[in-house]
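To start, the structure under review is shown below, and the notes come after it.
Throughout, protein chains are lettered first and strands after them, A, B, ... in sequence-line order, and every chain is numbered starting at 1. Basis for what follows: all heavy atoms, side chains included, without hydrogens, waters or symmetry-related copies.
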Amino acid sequence: MLDSPEISDAEYDEPMRELIAIEEAHPELITPDSPTQRVGAPPAEGFLPVRHRTKMMSLGDAFSFDELSAFLDRVERGLPNEKIDYVCELKIDGTATALTYENGLLVTGATRGDGKVGEDITLNIKTIRSIPLKLRLDKSPGFLEVRGEAYISKKQFEEINKERSKSGETLFANPRNAAAGSLRQLDPGITARRELDSIIYGLGFTSGEGFKTHWDVLQFLKKAGFKVSKFIRHVETRDEIFNFCEKWQEERDSLPYEIDGIVVKVNSLRQQESLGATSKAPRWAIAYKFPPEQKTTKVLDIVVNVGRTGALTPVAVLEPVKVAGSTVSRATLHNEDEMKRKDIRIGDWVVVQKAGDVIPEVVIPISSRRTGEEKIYKIPNRCPVCGAEAVRPPGEAVKRCTNISCPAQRFEHILHWASRGAMDIDGLGPAVVDELLKNKAIEDIADLYFLSKEELLNKIGHFQEKSAENLYNAINNSKNRPFSRVLFGLGIRHVGSHISDVLAQHFPSIEELENTSFDGLTAINEIGPAVTESVIKFFEQERNLKVVDKLKRAGINLREMIETGAPKKLGGLTFVLTGTLSRFAREEAGEKIKALGGRVSSSVSKKTDYVVAGENPGSKFDKAKSLGVKIIEEEEFVRLIGG
DNA sequence: GCACCTCGAGTTCA
DNA sequence: CTCGAGGTGC
């Protein structure tokens, strides 16, 4: 077997500490290629475009062994009567990068971009420890470009998401997105903390090196100091190729990083050249893509869940089965119509898969395995928790429990109040809320603020002094959350986080919101009749008024804070973002605008002050033009927000 | 009244 | 991520 050893991370770690010490003592000795220069560079302004010397092509896909065979047929036809051997590599699910070295020193790291022009992410690339800043060659070529995959290990990915979850940031869907996102950080310090890794698998434009095979190239890359995969295989027959694919399809879970397929390349560089390329992809390589992992399992039961709004949602209880890395035992069926459309019955054998990598989904029932014993499930007309009538309004898709004091709704409502987007009360999770309700310590959200430490300790079975103290403090600290979060936490129907922001902008205090009229609400952009009605209804309910009153007495912040400092730069201005911004994600830009007192709206109207147009702006751009709304480009926007 | 875009609400697992 | 539904503009 021709497996090749991988360079271990430890080899890069050891000399670091020593070096830092030396350089701190003698700053004049710091060289541009010093590993200490990997981090600490100032945040970049944005990313400059880099033109690739030779196009970074993508690979053709094969989604089955048939398609893979067809590819091999084409290769053989293209090289009649020649002996052909191949190299099989794991296709790591990361992000493609091109690294250029001049006279042995790393000068540029770039993303693939559209293949012709990528972005200069050199500072971020330098934080990847397995990428040498200097080649380990006696005599380096004047110009060397290598290509590879920058990725994040499964373990590190979970680590990152755990932290993001703590700080309330949106989670990365998969390691690939995490890697891509981390490489697009303006502050290399953040990239460094993400601990990316890299595997190099080929050469780009390079001066004066005469290789015969791809295998030789890989050996050279290893010698030059790059991390090259140890799982690469040099093969000669089709069977070996298929075996390699099959083996890794089964064993992909055992790898420290995610792979989404196998790359098969013609080994001889002369043969590669002779096969050539289409405008999109080389004819001498292909990516065999693993099918999304699907498993079959049995629907043991279908149960209903009662949500915060009283919605009855059917959930399939499944015979536990391992799919794409985790064990699946439940899957939502969304609603009655969806259940009927897919015709899923209790006792059915079904195909399950992960939608988007995390959330299990029932794809389809296997009707051929039916015995006739399967039962069609109907959502009950009574709430399974409180027994009240459950009604599905005409034209709507969900059945709802009509009892506003239904224990299930109350429970979910309190959890919602404590949730990250609302009051963010750490330590107030399902188990604690359950005990507090059961032991009659609270009835509603406002009661939380009248609990003493002792009560918390007494009423929550598993609590010790420390946890009681922590929760007590967490509850107290939530009193001065911004008004918009309080509004969101109230759980008014149709009032989510965004509409809460909008309402808080227009009504500086809860009294003003309470006393407004139907027209006063609908006049506001983004507030239509449905939202208006539900807000007005909320304040008509005696129960709700009592809770609001108690919240007031508890000292909850029920007015928009008026900033006493310097007037905010963007006070009262409304922005609409369109197109792709290069410096930050849209969400980030939105955060910045809001932080400076501005508003972000989703659609352009006469009220819009600025439309910020990024790359490929959408229809909002045209709308802004026709309405005569001021359109600014990213440059000017950055100047406007002063950074 | 319709198309399009957003937002809201519910959900899973480790 | 998913679906459903609200808001806006034609």
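- Qualifying side-chain contact (heavy atoms from CB on, under 4.5 Å) partners for A:Asp343, counting only residues two or more places apart in sequence or in other chains: A:Arg345, A:Arg370.
- One interatomic measurement links the two molecules: CG of A:Asn525 to P of B:dT6, which rounds to 13 Å at whole-angstrom precision.
- Within the 3.5 Å criterion, the main-chain N or O of A:Glu389 finds a donor-acceptor partner in the side chain of A:Thr402.
- Within the 4.0 Å cut-off from OP1 or OP2 of B:dA14, at least one side-chain nitrogen or oxygen of A:Thr327 is found.
- Residue A:Gly496 is the one, among A:Gly496 and A:Val328, whose nearest nucleotide of DNA chain B lies closer to the 5' end (criterion: closest heavy atom).
- Residue contacts for A:Val398: at a heavy-atom cut-off of 4.0 Å it reaches no nucleic acid atom on any strand shown.
- Residue contacts shown for A:Glu158 are absent, as no nucleic acid heavy atom lies under 4.0 Å away.
- Within the structure, every side-chain polar atom (N or O) of A:Thr313 is placed at least 4.0 Å from both OP1 and OP2 of B:dA9.
- OP1 and OP2 of B:dC13 both lie 4.0 Å or more from every side-chain N or O belonging to A:Arg330.
- Applying the side chain to side chain donor-acceptor pair (under 3.5 Å) criterion to A:Glu512, with sequence neighbours excluded, gives A:Ser509.
- Minimum heavy-atom separation, A:Leu196 to A:Ser182: CD1-CB, 3.7 Å.
- Comparing A:Phe488 and A:Ala316 along DNA chain B, the residue whose closest nucleotide (by nearest heavy atom) sits nearer the 5' end is A:Phe488.
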